[in-house]
Amino acid sequence: MEYNHKSIEKKWQAFWADNATFKTSESTEKPKYYVLDMFPYPSGAGLHVGHPLGYIASDIFSRFKRAKGFNVLHPMGYDSFGLPAEQYAIQTGQHPSITTEANINRYREQMDNIGFSYDWSREIRTSEPDYYKWTQWIFMQAFDAWYDKKENRAVAIEQLVARFEKAGSQGIEAECDEDILIFTAEEWKTFSVEEQQRELLKYRLAYLKESTVNWCAALGTVLANDEVINGVSERGGFPVEQKKMMQWSMRITAYADRLLQGLDTIDWPEPLIEMQRNWIGKSTGALVKFPIPQLDSVIEVFTTRVDTIFGVSFVVLAPEHELVSSLTTDACRDQVESYIEKTAKKSELDRMADTKTVSGAFTGSYAKHPITGEDVQIWIADYVLAGYGTGAVMAVPSGDQRDYVFAKHFGLPIVAISDTQEIEEAADPNKDGRYINSGFINGMTYNEATEALIAKLSELGLGKAKVNFRMRDAIFGRQRYWGEPVPVFFKDGLPYLIKEDELPLLLPEVDKYLPTESGEPPLGRAQGWKYQDKYEYELSTMPGWAGSSWYWFRYMDPQNREDFASKKAIDYWKSVDLYIGGSEHATGHLLYSRFWNKILKDLGYHNEEEPFKKLINQGMIQGRSSFVYRILDDEGKGTNTFVSLGLKDKYNTIPLHVDVNIVHHDVLNTDKFKASRPDYQNAEFILEDGKYICGTEVEKMSKSKFNVVNPDDIIAQFGADTLRLYEMFLGPLEQAKPWNTNGIEGVYKFLRKVWRLFHDGDGNLSISDETPTKAEYKALHRIIKKVEEDIERFSFNTSVSAFMICVNELTDLKCNKRAILQDLIIVLSSYAPHIAEELWLLLGNSAGTISFADYPVFKPEYLVESEFAYPVSINGKMKMNLSLALDLDQKAVQDIVLSNVDVQRFMDGKALKKLIFVKGKIINIVV
RNA sequence: GCGGAAGUGGCGUAAUUGGUAGCCGCACCAGACUUAGGAUCUGGCGCCGCGAGGCGUGGGGGUUCGAGUCCCUUCUUCCGCACCA
């Protein structure tokens, strides 16, 4: 019988499903191991060959760990709330749940074809009420919690209320809004319920507040910072503007330091850690106050270079700064107002693109320098961002390039403050010199000056040391339909949680998925959707990241109706040991998940500070587009003649994308091409060497570029095992690479060779029970060792190569020994499980037990040879073969070396200086 | 501009982590078998050279008996952030 991937793979996929082979339970003595994939959003396009790359790697890893005796949790589910299904619903009127269900079924079918070892009994979908009940529940925990800076953790809100009742707001250090009230216990008790609630809202981890948000008019919703890329929406690329709105937010900034520190404790790719660090953006500096006597007020600025304070020649406010209008003098009002109007008109995108032009306006007012008391001009300019620091900066032209350019442009003074500064051409921010023109810090070093200035400013009450973060709180509400309803109702304009036993708050039916006429979100269309028929529910829904920020817990105990997961399950599975997914989630999902994990930990639901111990980013698989070259006639119109790549420069041509599925090794199948479209029916070709060669280009894989390769097609032709091996063989897992079907035959051939090892020339099963030879053991144990080493360092591509070498050797040895083949297919079964299961059965084992078979133990003695020859160099130059025994000591080796005739001739009477040994093997002789 | 990753045959890649550069596969070439297939098998395949031999890991320099690997310098590509005070 020949290798028939179709029947084998269908058979074993059905077997695994029927026997629930990969169902996992917690009641076992085995050590646990949790392997997680980033669950997909089920889009309408289905999977292309790029999507399963990470899933294949995690499946190989899971199967390997299982074979090595671990109890492996390897689940899969769907992040099924999201924009595309809703956009489709708006266009067609079809309920997003219907589209989503259809897409999920398609995804499932495609995944099943690849032969993954998921425990499907644990499947979850974020859009199912059973699931989002707990997303809502977690929101409620965050609403009912505040962040105690003294304990450095989140604490239940009741404890804050208790402290207010006992001692007022005295002594409480919280991460909270800035406009909190100061009150005594007695005053607190006199507050009305509304007043108390309004005050508590300023402390809650999930809170409602008027804030500046990214508003995307085209999507009709606000977006979080990570959903805005270069000033446009991540989904759809629509323009985004800044707008003040009442919005739900999550107080992620309270966790900024812990999110930063945690990065040192997890095994993640360095680029990803760096991205999160930059996103959090911690900077240490000082807050300095510049008094404005005429307003009896101050301008607060944040600076990381307080040491340069004597170089301040002006102060700049963001145009949106609240003091601008009161500071502007009548003489300057026209200019200032027209400048504010001009910058307000600029979109976020324009403002970011235009960093070259210097612009600004003088307010006409002056602030007092906090140390010297001199007057400094107050300007406004859009290079100062309202959203960072205090929205105001002290300008030090000699030390900061932006201030320098601004000062040059508007003719403001530039004062050197260090004896090493060179400021003829540009600002010089160096910290190496001693200070000059700097009052009492003259002659000091950077560290001395910084310390002295902070002490001085504190003494004056005009400044203090301050740590600032770039990260903002995460906007949590979305004015969309297809998401989790926020479990909140409004009474007297204030938000209250619904009762826990009324969860889930079900997503109501609506007649259309568009905002209401009065501009409310789609949920405003729901008929009679009121809490206890009295109060209005919150109409916005949760953002896409809500459901994915805790899902790894739900897999631990997916059917639990009492808890998001039982204590027992959480104690057993703890956290994710290995997480595989794309780096595009660096500042979104991966940060939010760490955030929610910490909230739940603080509130006592588990003990793990970090959710994902080790993380691997699989590289993106790009498309490899193929092109044909249509010849243009004299008028520049397309003819029906196409010229092969090598000859195209002789003609005037236009490249056209051609479906990569009718191109083989860059050679076009001209018959299929003609049949592909009616207007190509009479196409003619100018060939080279009798072939039509296509041009290629690496692009994103997409339908419009005709470069999408569907895993189903590959599987139909070569089988799932070939697809799995080939995706790994393509290159290092973490590297981005284009998909190229050229070369897949090599992997397919390999599997056929494996199959033939078990069969004789006539295709009959042929297995010998003889004792294997040394050479056969050597081939086997090399692959056992190699695969083990490779899997632990996630180098799957080199393992596939090693399998090929091993099988080539065994083929050459005509090895059909049971002892060798059985162990070989156990090792292979993580990579190519279907063929391994089939061969396992052919060897007479019981069906479906290979996944849990005794994994072969590597025995180094099979790789050791007692005597062997290898090349050795003398003084790194001449190379000669030496025969040595491995177990000799170095003295004995030296004697052999010196007695060698070739060595003696080369030494020509010189003395032997030393022998260079590497791992017990001599590789160089120095004379 | 700042931060990160990476440059090796015609192509994807490998190299025991400082030790015979190019494993494995694709493509290509030659041969075998074949009523010819986009099949299978065998051999060859970095570059120059008939050859012995020489050169060779983006370029230049250095450390070392020995460098794809370490150091300095420079170029190129990709990714992330981007007026962050």
Side-chain angles (χ1 to χ4, degrees), chain A residues 229-230 269-279 281-283 285 301-305 308 316 318 351-358 381-385 387-396 399-403 405-406 429 468-471 583-584 586-587 617 619-620 624 664-667 669 696 698 725-726 729-732 734-750 752 756 785-786 789 795 797-808 870-877 879 881 913-919 921-927:
Chain A
I229 311 285
N230 292 330
E270 194 50 45
L272 203 68
I273 288 189
E274 208 49 42
M275 266 191 247
Q276 290 211 346
R277 272 201 196 109
N278 290 339
W279 186 262
K282 180 175 181 166
S283 52
V301 302
F302 174 72
T303 177
T304 53
R305 289 297 301 276
T308 64
V316 191
R351 197 161 155 174
M352 286 197 310
D354 181 23
T355 60
K356 291 277 182 291
T357 345
V358 182
D382 67 359
Y383 81 86
V384 177
L385 306 174
Y388 181 76
T390 60
V393 301
M394 57 178 222
V396 184
D400 184 287
Q401 186 57 25
R402 292 157 303 176
D403 298 342
V405 172
F406 195 84
N468 201 41
F469 292 95
R470 200 179 75 107
M471 184 168 66
S583 60
E584 66 271 22
T587 51
N617 288 132
M620 242 239 294
R624 186 172 181 275
H664 186 79
H665 284 306
D666 299 338
V667 176
N669 183 323
T696 63
V698 173
L725 284 166
Y726 188 59
F729 183 68
L730 223 42
E734 305 205 47
Q735 192 177 302
K737 51 207 169 255
W739 175 268
N740 187 348
T741 309
N742 299 350
I744 196 166
E745 280 102 339
V747 171
Y748 187 56
K749 253 186 248 178
F750 158 73
R752 277 192 308 216
R756 284 194 202 125
K785 179 165 185 260
K786 178 76 175 152
E789 286 170 357
S795 173
N797 55 326
T798 50
S799 270
V800 179
S801 293
F803 275 123
M804 291 178 173
I805 296 168
C806 175
V807 167
N808 284 344
Y870 60 90
V872 172
S873 58
I874 302 181
N875 280 358
K877 282 183 193 132
K879 287 192 187 102
N881 278 318
K913 279 200 197 126
K914 63 174 174 177
L915 298 172
I916 312 288
F917 284 87
V918 174
K919 294 187 180 150
K921 196 171 141 183
I922 162 178
I923 52 115
N924 190 34
I925 301 164
V926 184
V927 299

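The chains referred to below are lettered A, B, ... by the order of the sequence lines, with proteins before strands, and numbering in each begins at 1.
- Spacing of P atoms, B:G56 relative to B:G10, comes out at 16 Å, to the nearest Å.
- Qualifying side chain to side chain donor-acceptor pair (under 3.5 Å) partners for A:Trp279, counting only residues two or more places apart in sequence or in other chains: none.
- Remark: the separation of the C1' atoms in B:U34 and B:G44 is 22 Å, to the nearest Å.
- When both distances must be under 3.5 Å, the Watson-Crick or G-U wobble mate of B:C28 is B:G44.
- A:Arg277 places its CZ atom 16 Å from the C1' atom of B:C2, with the value rounded to the nearest Å.
- Ion pairing between A:Lys786 and A:Glu789 fails under the 4.0 Å rule for side-chain N and carboxylate O.
- Closest to the A:Ser801 side chain, of the nucleotides B:C24, B:C83, B:A85, is B:C24.
- Annotated as syn: B:G9, whose O4'-C1'-N torsion sits within 90° of 0.
- Qualifying side chain to side chain donor-acceptor pair (under 3.5 Å) partners for A:Arg752, counting only residues two or more places apart in sequence or in other chains: none.
- Contact annotation for A:Asn797: backbone-only contact, meaning every heavy-atom pair under 4.0 Å involves sugar-phosphate atoms and none involves a base.
- Rounded to whole Å, the distance from CD1 on A:Ile805 to P on B:A15 is 11 Å.
- Residues meeting the side chain to side chain donor-acceptor pair (under 3.5 Å) test with A:Asp403, sequence neighbours left out: A:Tyr383.
- For the P atoms, the distance from B:C70 to B:G7 is 10 Å, rounded to whole Å.
- Contact annotation for A:Pro738: no contact, since no heavy-atom pair falls under 4.0 Å across all strands.
- Distance A:Met275 CE to B:C2 P: 19 Å, rounded to the nearest Å.
- In this structure B:G62 sits in the anti conformation; its chi angle is more than 90° from 0.
- Regarding A:Asp403, its CG atom lies at a distance of 15 Å from the P atom of B:C83, rounded to whole Å.
- Regarding A:Asp382, its CG atom lies at a distance of 13 Å from the P atom of B:C84, rounded to whole Å.
- The gap from the P atom of B:G3 to that of B:U20 amounts to 36 Å, rounded to the nearest Å.
- Spacing between B:U63 and B:U73 at atom C1', rounded to whole Å, works out to 15 Å.
- Residue A:Arg470 has no polar side-chain atom (N or O) positioned under 4.0 Å from OP1 or OP2 of B:C2.
- Distance A:Asn278 CG to B:G1 C1': 14 Å, rounded to the nearest Å.
- A:Lys749 meets the salt bridge (Lys or Arg N to Asp or Glu O under 4.0 Å) test with no other residue; sequence neighbours excluded.
- When each of A:Ala802 and A:Leu730 is assigned the nucleotide of RNA chain B bearing its nearest heavy atom, the one mapping closer to the 5' terminus is A:Leu730.
- Side chains of A:Leu725 and A:Met804 form no contact here, defined as non-hydrogen atoms less than 4.5 Å apart.
- Comparing the C1' positions of B:A6 and B:U57 gives a spacing of 14 Å, expressed to the nearest Å.
- On the C1' atoms, B:G18 is 16 Å away from B:G62, given to the nearest whole Å.
- Applying the ring pair (Phe, Tyr, Trp, His ring centres under 6.0 Å) rule to A:Phe803 yields the partners A:Tyr831; only residues at least two apart in sequence or on another chain are considered.
- Atom-to-atom, CD1 of A:Ile273 to C1' of B:G3 comes out at 14 Å; the value is rounded to the nearest Å.
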Could you run down the sub-3.5 Å N/O contacts of the protein with nucleotides 25-27 of chain B?
| unit_1 | atom_1 | unit_2 | atom_2 | d |
| --- | --- | --- | --- | --- |
| B:G25 | OP1 | A:Asn808 | ND2 | 3.2 |
| B:C26 | OP1 | A:Lys749 | NZ | 3.1 |
| B:A27 | OP1 | A:His665 | NE2 | 2.9 |

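- Across all strands, A:Arg752 comes closer than 4.0 Å only to sugar-phosphate atoms, never to a base (heavy-atom distances).
- Among the nucleotides B:A85, B:A15, B:G3, the one closest to the side chain of A:Val393 is B:A85.
- Base orientation of B:U69: anti (glycosidic angle beyond 90° from 0).
- Protein atom CD of A:Glu734 is 17 Å distant from nucleotide atom P of B:C79, rounded to whole Å.
- For the C1' atoms, the distance linking B:A30 with B:C45 amounts to 11 Å, nearest Å.
- The side chain of A:Pro732 lies closest to B:A14 when the candidates are B:A85, B:A14, B:C41.
- Rounding to the nearest 0.5 Å gives a distance of 6.5 Å between OH of A:Tyr726 and OG1 of A:Thr741.
- Using a distance-only test at 3.5 Å, with no hydrogens or angles considered, no donor-acceptor pair links the side chain of A:Arg470 to the main chain of A:Tyr388.
- Both distances falling under 3.5 Å, in either a Watson-Crick or a G-U wobble arrangement, occur for no nucleotide opposite B:G51.
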